[in-house]
There are 2 protein chains.
Amino acid sequence: MTARTSSENAREIPEATVARLPVYLRALVTLADDGIPTCSSEELATAAGVNSAKLRKDLSYLGSYGTRGVGYDVDYLRYQIAREIGVTKDWPVVIVGIGNLGHALANYSGFRSRGFQVVALLDADPAQHGEIVAGVEVQPFDRLEEIVAAADVAIGVIATPAAAAQSVADRMVGCGITSILNFAPSVLAVPDGVDVRKVDLSLELQILAYHEQRKSQTGALLADGGAA
Amino acid sequence: MTARTSSENAREIPEATVARLPVYLRALVTLADDGIPTCSSEELATAAGVNSAKLRKDLSYLGSYGTRGVGYDVDYLRYQIAREIGVTKDWPVVIVGIGNLGHALANYSGFRSRGFQVVALLDADPAQHGEIVAGVEVQPFDRLEEIVAAADVAIGVIATPAAAAQSVADRMVGCGITSILNFAPSVLAVPDGVDVRKVDLSLELQILAYHEQRKSQTGALLADGGAA
DNA sequence: TTCATTTTGTTCTCGCGTTCACAAACTCCT
DNA sequence: AGGAGTTTGTGAACGCGAGAACAAAATGAA
């Protein structure tokens, strides 16, 4: 992340807090949908699956949007968090690599409903071109620069095989994209000022497997011990 | 996590380290594929995208598998990490919810190549039943208990809409699954001893959007100053 | 008005994770 | 054999985040 001087902006929100804001936002949307007008930090924390002290501390970085003795106005807080994250208006997004995962991402309604609009689907394979996925036509990867410039795209999603990911990232960076969400299982090298977040599906399973293995090992040890 | 006495098992690997082991494993596999027999901590760290001091400390939790003055034997270290994670043999996995994302997950080759075998695809919607995805037939969700018992499944993947996720999780826990990978955007409540990891696609984009928004804000300020 | 009650916002402490820095140990060359 | 050069493994310092605890502020009742 770009480490700027803290004096430049009074509100330096910790990264851990930033990562939880979308969770709070989602919980608030759910509460609003249920017609609940206000909530306490305890209620919101439960809905978001966190500690209430942590929630209050996180929200305090944004400002004082609650009322002591009362709680938070759901709609008001929701707007404030959405504004802080920057999803009060839609962000244009391009997805590169329209394989199985790319299809799923293009069809994922959560993007659209949470402030992101897929403006283009790109793939290097000519066999994919012309297909309409979720109302958007798959186009040649070479049109990347043109599309990014036209729609002023800042966020790119990489859903290609690992081998292609770095060259796709280079092209993205080259045409002005400064945020990349990478689903390919590879480490991307990008210049300073470009943010990369990585989602690795099998990595998560491997972490689960580690704990699972320990569970069964400990169980076996305890079984022997108990037999004595 | 079950907090056991540290005397019970000498190797208490920190969670942050566990999360990086799969990254190192992947880097080692790549090196091995390239025919590289040994590597230094510096080289491996670069390949994995981390600091070399952190890498060495992480590996030190597993044991002393390197040689001072030389480095690490790629194949040997790879096996040791794989053994530690528990992916030397395949883990059976069930996927529930065969929509767009479920299809992509079922077809994702990375699972198979990294120690996981999808033994069943389940969906509550009868319209999906009978379809063959990646060589596996989609079956009714009601067969969950039967399948889990038959294949001794410990890991379940939830790719349903948010509304169904909690009830799916309850059923999974009920039939003995103790590790859940949740792709639905909802907070799951599970008993102690059950591990849940959550992957939230739009959450990652929202985090990027936050930083992106700050860049453009700061960028506007800096635009006067200097565009280095 | 004044007091009791509720709930936020913030201070403080503790523990974990990251990073630096260096001693230990191994290889290779002379 | 001995010394120079590498590279690992680890002790120590540091900084960040989590959680407890409390003061400040708002409401409502007497």
Side-chain angles (χ1 to χ4, degrees), chain A residues 1-6 10-21 23-24 27-28 31 36-74 76-78 80-81 84 207 210, chain B residues 1 3-6 10-24 27-28 31 36-74 76-78 80-81 84 207 210:
Chain A
M1 305 298 150
T2 48
R4 303 191 182 284
T5 57
S6 58
R11 295 220 284 265
E12 193 71 20
I13 300 184
E15 195 55 32
T17 296
V18 171
R20 282 187 294 267
L21 290 180
V23 180
Y24 303 154
L28 285 166
L31 290 176
I36 299 174
T38 65
C39 66
S40 68
S41 65
E42 192 65 42
E43 290 164 332
L44 182 54
T46 302
V50 302
N51 183 303
S52 70
K54 178 151 57 175
L55 169 76
R56 287 199 301 277
K57 183 167 234 184
D58 283 341
L59 294 184
S60 76
Y61 290 114
L62 312 190
S64 270
Y65 296 136
T67 308
R68 297 179 191 219
V70 178
Y72 299 94
D73 182 286
V74 170
Y76 181 59
L77 183 58
R78 168 158 80 136
Q80 292 300 338
I81 293 181
E84 191 70 39
I207 295 172
Y210 169 80
Chain B
M1 309 297 153
R4 305 194 180 280
T5 57
S6 58
R11 297 220 282 266
E12 193 72 20
I13 301 183
E15 194 58 31
T17 297
V18 171
R20 282 186 294 266
L21 290 181
V23 180
Y24 303 153
L28 285 166
L31 290 176
I36 299 172
T38 63
C39 66
S40 68
S41 64
E42 192 66 41
E43 290 165 333
L44 183 53
T46 302
V50 302
N51 183 301
S52 71
K54 179 151 55 176
L55 170 76
R56 287 200 301 278
K57 176 150 269 196
D58 283 342
L59 294 183
S60 76
Y61 290 114
L62 313 189
S64 269
Y65 295 134
T67 307
R68 296 176 192 222
V70 178
Y72 300 93
D73 182 284
V74 170
Y76 181 57
L77 183 58
R78 168 160 80 135
Q80 293 299 339
I81 293 181
E84 191 71 40
I207 295 172
Y210 169 81

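Lettering of chains follows the sequences in order, A, B, ..., and the numbering in each one begins at 1.
If you measure from atom CD of A/Gln80 to atom P of C/dT8, you get 17 Å, rounded to the nearest angstrom. Distance CG (B/Leu59) to P (C/dG17): 16 Å, rounded to an integer number of Å. Computed from coordinates, the A/Tyr76 OH to C/dT8 P distance equals 15 Å when rounded to whole Å. Taking atom CZ of A/Arg20 as the reference point, atom P of D/dG17 lies 9 Å away to the nearest angstrom. One atom, OH of A/Tyr61, and another, C1' of C/dT11, lie 11 Å apart when rounded to the nearest Å. Rounded to whole angstrom, the span from the CD atom of B/Glu15 across to the C1' atom of D/dA18 amounts to 16 Å. Atoms CG (B/Leu55) and C1' (C/dG17) sit 15 Å apart, rounded to a whole Å. For the pair B/Arg56 CZ and C/dA23 C1', the interatomic distance rounds to 13 Å; values are reported in whole Å.
If you take CD on B/Glu84 and CG on B/Leu21, they are separated by 7.0 Å, rounding to the nearest 0.5 Å. The distance from atom CG of A/Leu31 to atom OH of A/Tyr72, rounded to the nearest 0.5 Å, is 13.5 Å. For the atom pair CG of A/Leu44 and OH of A/Tyr24, the computed distance is 8.0 Å after rounding to the nearest 0.5 Å. If you take CZ on A/Arg20 and CG on A/Leu55, they are separated by 9.0 Å, rounding to the nearest 0.5 Å. Rounded to the nearest 0.5 Å, atoms CG (B/Asn51) and NZ (B/Lys57) are 11.5 Å apart.
If you check distances only, the side chain of B/Lys57 never reaches the base of D/dT10 with a donor-acceptor pair under 3.5 Å. Side-chain atoms of A/Arg68 and base atoms of C/dT7 include no donor and acceptor less than 3.5 Å apart.
The phosphate of C/dG9 (OP1 or OP2) has a side-chain N or O of A/Tyr72 nearer than 4.0 angstrom. For the OP1/OP2 pair of C/dT7 and a distance below 4.0 Å, the side-chain nitrogens and oxygens of A/Ser41 include no atom meeting the criterion. Considering only side-chain N and O atoms, A/Ser64 lies under 4.0 angstrom from the phosphate OP1 or OP2 of C/dG9. Distances shorter than 4.0 Å separate none of the side-chain N or O atoms of A/Asn51 from OP1 or OP2 on D/dG17.
Nearer to the 5' terminus of DNA chain C, by closest-nucleotide assignment, is the contact made by A/Gly66 (compared with the other of A/Gly66 and B/Ala16). The nearest heavy atom of DNA chain D to B/Ala53 and to A/Val70 marks one nucleotide each, and the one closer to the 5' end goes with B/Ala53. Comparing A/Thr67 and A/Lys54 by the nucleotide of DNA chain D whose heavy atom lies nearest to each, the residue mapping closer to the 5' end is A/Lys54.
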